[in-house]
Amino acid sequence: GSGTVPHDEL
Amino acid sequence: MNLFRLFGDLSHLASIIILLQKIRSTRSCRGISFKTQALYATVFITRYLDLFYDWVSLYNFTMKVFFIASSCYILYLMRYKYRPTHDPSIDTFRVEYLLGPSAVLALLFHYRFTVPEVFWSFSIFLEAVAILPQLFMLQRTGEAETITTHYLAALGAYRALYIPNWIYRYFTEDMVDPIAVTAGIVQTALYLDFFYVYFTKVLQGQKFELPA
């Protein structure tokens, strides 16, 4: 997502 | 990726394999809450909507597919293959008390007001409490098969390991995810009672039994 927390965790 | 998160994810993976092994070896899903398992399937499906449009890594993709597929497979096993071994009369936690507040919290707290982001928040809040029907069931029956306690311990360890992962990321990447962190701390706290009995009884070779 742009400018927000990336959801790279599971 | 840091070691806390890697071992957390591996612990999560292990918990599912232990659960499948429990069902297979005892040919029964006795002692497992169908409601908790259905909530986990809901959590994975609502969280991993980005599977279709956002590529993070092969690791991330594979894990997401595995978690969705395995949670649906477990539901199939419980609902069809081993249906007679599941006793709904002890699996009585009202899931609407978990689904409703999670939906409200997701509408209030999210990073962007878009469908996938609100679903993502919903999944985070729901995961935090999804274990409650299982713990409630454990409380009601007052005992559990050892393999079931290993499943819960691995699941709890996964959540616990995410906390040092966030601390590490805060210092190394300046990354903070307040929604995941808050929900994650609540989720881990729910395991404290269980862990106490697990460490003082099961790991000492005794049966998991709650005081009457």
Side-chain angles (χ1 to χ4, degrees), chain A, chain B residues 1-2 4-6 8-13 16 43-44 46-51 53-57 59-68 109-114 116-117 119-121 123-124 127 158-159 161-163 165-166 168-170 173-181 183-184:
Chain A
S2 54
T4 51
V5 176
H7 302 315
D8 60 346
E9 294 180 347
L10 295 158
Chain B
M1 175 63 74
N2 57 66
F4 298 116
R5 187 144 58 112
L6 179 63
D9 290 342
L10 292 179
S11 184
H12 193 184
L13 213 57
I16 292 167
V43 163
F44 296 135
T46 52
R47 183 175 308 166
Y48 300 153
L49 295 173
D50 62 357
L51 208 50
Y53 58 86
D54 211 3
W55 180 263
V56 179
S57 63
Y59 171 85
N60 190 278
F61 177 85
T62 312
M63 293 293 249
K64 284 173 173 171
V65 171
F66 176 80
F67 289 134
I68 292 176
F109 303 101
H110 44 257
Y111 294 121
R112 276 188 301 172
F113 194 60
T114 61
E117 284 291 321
F119 269 116
W120 179 87
S121 273
S123 82
I124 294 288
E127 187 191 350
Y158 143 63
R159 290 317 310 182
L161 283 161
Y162 259 64
I163 294 176
N165 153 63
W166 291 319
Y168 182 86
R169 294 192 80 176
Y170 171 74
E173 300 167 43
D174 206 22
M175 227 282 305
V176 186
D177 184 338
I179 294 177
V181 170

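In what follows, chains carry the letters A, B, and so on, assigned in the order in which the sequence lines appear, proteins first and then strands, with residues in each chain numbered from 1.
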Enquirer: Measure distances from W166(B) to the heavy atoms of chain A and classify the residue's part below 4.5 Å as side chain, backbone, both or neither.
Expert: side chain
Enquirer: Is the OH atom of Y59(B) crowded by more than 12 outside heavy atoms at less than 6.0 Å?
Expert: yes
Enquirer: Rounded to the nearest 0.5 Å, how far does NE2 of H7(A) lie from CG of D54(B)?
Expert: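 Going from CG on D54(B) over to NE2 on H7(A), the span is 9.0 Å.
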Enquirer: What part of M1(B) is in contact with chain A, defined as an atom under 4.5 angstrom from a non-hydrogen atom: side chain, backbone, both or neither?
Expert: neither
Enquirer: Measuring from M63(B):CE to E9(A):CD, what's the distance to the nearest 0.5 Å?
Expert: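 Going from the CE atom of M63(B) to the CD atom of E9(A) covers 12.5 Å.
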Enquirer: With F67(B), which residues qualify under ring-ring contact (aromatic ring centres under 6.0 Å, His included), at least two apart?
Expert: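 F67(B) satisfies ring-ring contact (aromatic ring centres under 6.0 Å, His included) with H12(B), F44(B) once adjacent residues are dropped.
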Enquirer: Rounded at 0.5 Å granularity, tell me how far CG in D8(A) sits from CZ in R169(B).
Expert: 4.0 Å
Enquirer: Is the number of heavy atoms from other residues, nucleotides or ligands within 6.0 Å of CZ (F66(B)) greater than 12?
Expert: yes
Enquirer: Given a strict heavy-atom distance threshold of 4.5 Å, which part of N60(B) is in contact with chain A: side chain, backbone, both, or neither?
Expert: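 Contact with chain A involves both backbone and side-chain atoms of N60(B).
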Enquirer: Is Y53(B) close to chain A through its backbone or its side chain, or both, or neither, when contacts mean heavy atoms under 4.5 Å?
Expert: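 For Y53(B), there is no contact with chain A at all, as no heavy atom is under 4.5 Å.
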Enquirer: Return the option, out of D177(B), V56(B), I179(B), with the maximum number of heavy-atom pairs under 4.5 Å with chain A.
Expert: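 Sorted descending by pairs with chain A, the first entry is D177(B).
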Enquirer: What residues, two or more places apart in sequence or in another chain, satisfy ring-ring contact (aromatic ring centres under 6.0 Å, His included) together with F113(B)?
Expert: H110(B)
Enquirer: I need the L10(A) CG to R5(B) CZ distance, nearest 0.5 Å.
Expert: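 With rounding to 0.5 Å, CG (L10(A)) is 7.5 Å from CZ (R5(B)).
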